[in-house]
*Asks:* 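Input: one structure, supplied below.
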Amino acid sequence: MTAKTENIVILTGSGVSAESGVATFRDKDGIWAKYDYRDVATPEGFAANPDLVHSFYNDRRRKLPSVEPNAAHIALAELEAGLAARGGGLTLVTQNVDDLHERAGSKNILHMHGELGKATCARCGAVCDCVEDLSVDHGCSVCRQNGGMRPYVVWFGEMPRFMDEAMDAILRADLFVSIGTSGSVYPAAGFAGEARAAGVRAMELNLEPSENAYVFEDSRYGPATKVVPDWVREILG
Ligand code: BJW
């Protein structure tokens, strides 16, 4: 792409963290091959069996400190700094609940599906940092009630976070780039179409064509640790 690319919005999915050892969802060995999403990623599943849901997220939270950002996360942080240095900007909208973008140095991040490192109280709405295991006995440090704490993640049927901020950034962008996501979960999967409808160029970087590959004007296929740094070098020159 040769046209001006000073303001970029990037949407990332679990594929960007795959080479760090974080599981994707719909790949052959992905999370949904081991768990039924209705049991662990819906409000109904949580109401039916909160112990199972806490255990599912506790396991994933415990693994976080042992995984490291990879070359793709690092390249995206360098891109943000490089664009800022020449007067542009980058908004990183991530569906991922891990903290690898932060640890790589990205600053302007919107976690639209929440964060594993946080918990929220269903009774008072407080959001707090969470490094330890959660359980049904956990108390809220704000309202002091027990039993309402849940992972700060967005389950199916719940409204993703930062939608207004994400859409505003997309409509102001020169380029929208989707990285490491299958394009099967909405509203994130609809961002590329929204970008195109607003005249914003859209491209995807993924291991293979995503479900909405037809929407993108440009694409690079391969492992994120290869295609993302290569593309960032092109943009930053
Ligand atoms: C690599 C790689 C490497 C591998 N390098 N690439 C019918 C039609 C349309 C929509 C709906 C519908 N029925 C229901 C809906 C809405 C629903 C939805 O989209 N469902 C679809 C499944 C059909 N969406 C919702 O419910 C959302 N909310 C919503 O719509 O609110 C509005 C509303 C509310 C109330 C009433 C009415 C409307 C909420 C969605 C929440 C998603 N939550 C999850 C789990 C929670 C967080 C967690 O536990 O981590 O978020 S599901 C899971 O999927 C997770 C992910 O963020 C999300 C996306 O997955 P992702 O990241 O794309 O992973 P994969 O595995 O799918 O893909 C990985 C990709 O990487 C692949 O392409 C690989 O090739 C690639 N890859 N290795 C580069 N090395």
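Both counts, for ligands and for their atoms, begin at 1 and track the order of listing.
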*Asks:* Less than 3.5 Å between some nitrogen or oxygen of N96 and one of ligand 1, yes or no?
*Replies:*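 No: no nitrogen or oxygen of N96 is under 3.5 Å from one in ligand 1.
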*Asks:* Any donor-acceptor pair under 3.5 Å linking the side-chain atoms of E19 with those of T225?
*Replies:*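 A pair is found: one side chain offers a donor N or O, the other an acceptor, under 3.5 Å apart.
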*Asks:* Protein non-hydrogen atoms only, distance under 4.0 Å: does atom 55 (C) of ligand 1 have such a neighbour?
*Replies:*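 Yes, there is a protein heavy atom closer to it than 4.0 Å.
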*Asks:* Under a 4.0 angstrom heavy-atom cut-off, which atoms of ligand 1 come close to V185?
*Replies:*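 What qualifies from ligand 1 is 19 (O), 40 (C), 42 (C), 54 (O), 58 (C), 59 (C).
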*Asks:* Provide the number and element of each atom of ligand 1 under 4.0 Å from a heavy atom of E19.
*Replies:*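 The atoms of ligand 1 under 4.0 Å from a heavy atom of E19 are 3 (C), 5 (N), 80 (N).
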*Asks:* What protein heavy atom lies closest to atom 59 (C) of ligand 1? Include the residue and the distance to one decimal.
*Replies:*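 Residue, atom and distance for the closest contact: Q95 OE1, 3.3 Å.
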*Asks:* Under 4.0 Å and counting heavy atoms only, is there anything from the protein next to atom 8 (C) of ligand 1?
*Replies:*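 Given the 4.0 Å limit, the answer for atom 8 (C) of ligand 1 is no, no protein heavy atom qualifies.
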*Asks:* Can you list the atoms of ligand 1 that are under 4.0 Å from a heavy atom of A224?
*Replies:*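 Per the distance check, 3 (C), 5 (N), 79 (C).
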*Asks:* Is it the case that the side chains of S14 and Q95 hold a donor-acceptor pair, with the cut-off being a distance below 3.5 Å and no angle test?
*Replies:*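 No, S14 and Q95 have no side-chain donor paired with an acceptor closer than 3.5 Å.
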*Asks:* Could you check whether any side-chain N or O of T94 sits under 3.5 Å from a backbone N or O of N96, counting only pairs where one atom can act as donor and the other as acceptor?
*Replies:*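 At least one qualifying donor-acceptor pair exists.
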*Asks:* Return the residue, atom name and 0.1 Å-rounded distance of the protein heavy atom closest to atom 2 (C) of ligand 1.
*Replies:*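 Result: G15 O, 3.5 Å.
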*Asks:* Give the residue and atom name of whichever protein heavy atom lies nearest to atom 74 (C) of ligand 1, and the separation in Å to one decimal.
*Replies:*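 Residue, atom and distance for the closest contact: D27 OD1, 3.6 Å.
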*Asks:* Suppose we measure from atom 64 (O) of ligand 1 to each protein heavy atom; which comes out shortest, and what is that distance?
*Replies:*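 Looking only at protein heavy atoms, the one closest to atom 64 (O) of ligand 1 is S14 OG, 2.8 Å.
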*Asks:* Any atoms of ligand 1 less than 4.0 Å from a non-hydrogen atom of E158? List them with their elements.
*Replies:*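 Selected atoms, number and element: 27 (C), 28 (N), 29 (C), 31 (O), 39 (C).
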*Asks:* Are the side chain of E115 and the backbone of D99 linked by a donor-acceptor contact shorter than 3.5 Å?
*Replies:*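 A pair under 3.5 Å: no.
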*Asks:* Just which atoms of ligand 1 are under 4.0 Å from any heavy atom in P160?
*Replies:*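 Once the distances to P160 are compared, the set is 28 (N), 29 (C), 31 (O).
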*Asks:* Let me see the working for E6 and R86 under salt bridge (Lys or Arg N to Asp or Glu O under 4.0 Å), right down to the final yes or no.
*Replies:* CA-CA 8 Å; E6 298 305 321; R86 64 190 202 201; 3.0 Å; yes
*Asks:* Between L110 and T91, does a side chain to side chain contact (heavy atoms under 4.5 Å, CB included) hold up when you go through it step by step?
*Replies:* CA-CA 8 Å; L110 301 175; T91 302; 3.9 Å; yes
*Asks:* Ring-plane angle category for W32 and F56, please: parallel below 30°, perpendicular beyond 60°, tilted otherwise.
*Replies:*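 W32 and F56: parallel rings.
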*Asks:* Out of V228, V154, L205, whose heavy atom is nearest to atom 46 (C) of ligand 1?
*Replies:*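 Minimum heavy-atom distance to atom 46 (C) of ligand 1 goes to V154.
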*Asks:* When you compare the side chain of F156 with that of R38, does any pair of heavy atoms fall below 4.5 Å?
*Replies:*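 Contact flag for R38/F156 side chains = no.
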*Asks:* Taking atom 4 (C) of ligand 1 as the reference point, report whether a protein heavy atom occurs under 4.0 Å from it.
*Replies:*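 Yes, because at least one protein heavy atom sits under 4.0 Å from atom 4 (C) of ligand 1.
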*Asks:* Using a strict cut-off of 4.0 Å, indicate which atoms of ligand 1 neighbour a heavy atom of T181.
*Replies:*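 Counting from 1, the qualifying ligand atoms are 61 (P), 63 (O), 70 (C), 73 (O).
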*Asks:* Do any N/O atoms on L207 end up under 3.5 angstrom from N/O atoms on ligand 1?
*Replies:*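 There is such a contact, yes.
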*Asks:* Please walk me through it: do R172 and D168 pass salt bridge (Lys or Arg N to Asp or Glu O under 4.0 Å)?
*Replies:* CA-CA 6 Å; R172 281 186 284 104; D168 284 352; 5.9 Å; no
*Asks:* Taking the minimum heavy-atom distance to atom 65 (P) of ligand 1, which of S182, G222, P209 ranks first?
*Replies:*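 Nearest option to atom 65 (P) of ligand 1, by heavy atoms: S182.
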*Asks:* Which ligand 1 atoms, with their elements, are less than 4.0 angstrom from a heavy-atom of W155?
*Replies:*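 Going through ligand 1 atom by atom, the ones under 4.0 Å from W155 are 39 (C), 41 (C).
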*Asks:* Measure up the F176 and F191 rings against each other and bin them: parallel (under 30°), tilted (30 to 60°), perpendicular (over 60°).
*Replies:*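 Rings of F176 and F191: perpendicular, as their planes differ by over 60°.
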*Asks:* For a side chain to side chain contact (heavy atoms under 4.5 Å, CB included) check, start with the C-alpha distance between E158 and T42, then their side-chain angles and the critical distance, and finish with the verdict.
*Replies:* CA-CA 8 Å; E158 296 183 323; T42 62; over 6 Å; no
*Asks:* Can you check which of W32, Y37, Y186 brings a heavy atom nearest to atom 10 (C) of ligand 1?
*Replies:*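 The nearest heavy atom belongs to Y186.
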*Asks:* Side chains of T12 and H101: donor-acceptor distance under 3.5 Å anywhere?
*Replies:*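 Side chains of T12 and H101: pair found under 3.5 Å.
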*Asks:* Identify the closest protein heavy atom to atom 76 (C) of ligand 1: which residue and atom is it, and at what distance?
*Replies:*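 It is N206 OD1, 3.2 Å.
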*Asks:* Determine, counting only non-hydrogen atoms of the protein, whether one lies under 4.0 angstrom from atom 13 (N) of ligand 1.
*Replies:*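 No, because not a single protein heavy atom sits under 4.0 Å from atom 13 (N) of ligand 1.
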*Asks:* D98 and side-chain contact (heavy atoms from CB on, under 4.5 Å): which partner among V16, L64, V67?
*Replies:*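 Testing D98 for a side-chain contact (heavy atoms from CB on, under 4.5 Å) against V16, L64, V67 leaves exactly one candidate, L64.
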*Asks:* Test your reading of the structure: does F56 have an N or O sitting under 3.5 Å from an N or O of ligand 1?
*Replies:*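 No, no N or O pair falls under 3.5 Å.
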*Asks:* Looking at atom 47 (C) of ligand 1, what's its closest protein heavy atom, distance included?
*Replies:*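 For this ligand atom, the closest protein heavy atom is V97 CG1, 3.8 Å.
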*Asks:* Which protein heavy atom lies closest to atom 17 (C) of ligand 1, and at what distance to 0.1 Å?
*Replies:*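 Atom 17 (C) of ligand 1 sits closest to the protein heavy atom F156 CD2, 3.9 Å.
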*Asks:* Check whether the side chains of H111 and E102 place a donor and an acceptor atom closer than 3.5 Å, and report yes or no.
*Replies:*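 Present: a donor and an acceptor within the cut-off.
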*Asks:* Could you establish whether R60 and ligand 1 come within less than 4.0 Å of each other, counting only heavy atoms on the residue side?
*Replies:*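 Contact check R60 vs ligand 1: positive.
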*Asks:* Protein heavy-atom contact under 4.0 Å for atom 37 (C) of ligand 1?
*Replies:*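 No, there is no protein heavy atom closer to it than 4.0 Å.
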*Asks:* For ligand 1, is S184 a contact, meaning one of its heavy atoms is under 4.0 Å away?
*Replies:*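 Judged by the 4.0 Å heavy-atom criterion, S184 does count as contacting ligand 1.
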*Asks:* Any atoms of ligand 1 less than 4.0 Å from a non-hydrogen atom of G157? List them with their elements.
*Replies:*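 It comes down to these atoms of ligand 1: 25 (C), 26 (O), 34 (C), 35 (C), 36 (C).
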*Asks:* Nearest to atom 42 (C) of ligand 1 by heavy atom, R26, M159, H113: which?
*Replies:*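 Going through R26, M159, H113 one by one, H113 has the nearest heavy atom to atom 42 (C) of ligand 1.
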*Asks:* Hey, is the main chain of N206 close enough, under 3.5 Å, to the side chain of R220 for a donor-acceptor pair?
*Replies:*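 No.
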*Asks:* Can you name the closest pair of heavy atoms from A71 and P229 and give their distance?
*Replies:*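 Residues A71 and P229, closest heavy atoms: O-CG, 3.7 Å.
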*Asks:* Decide salt bridge (Lys or Arg N to Asp or Glu O under 4.0 Å) for D218 and R201; before the verdict, give the C-alpha distance in whole Å, the side-chain angles of both, and the deciding distance to 0.1 Å.
*Replies:* CA-CA 9 Å; D218 193 7; R201 292 174 295 139; over 6 Å; no
*Asks:* Does any N or O of ligand 1 fall below 3.5 Å from an N or O anywhere on A18, backbone included?
*Replies:*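 Such a contact does not occur with ligand 1.
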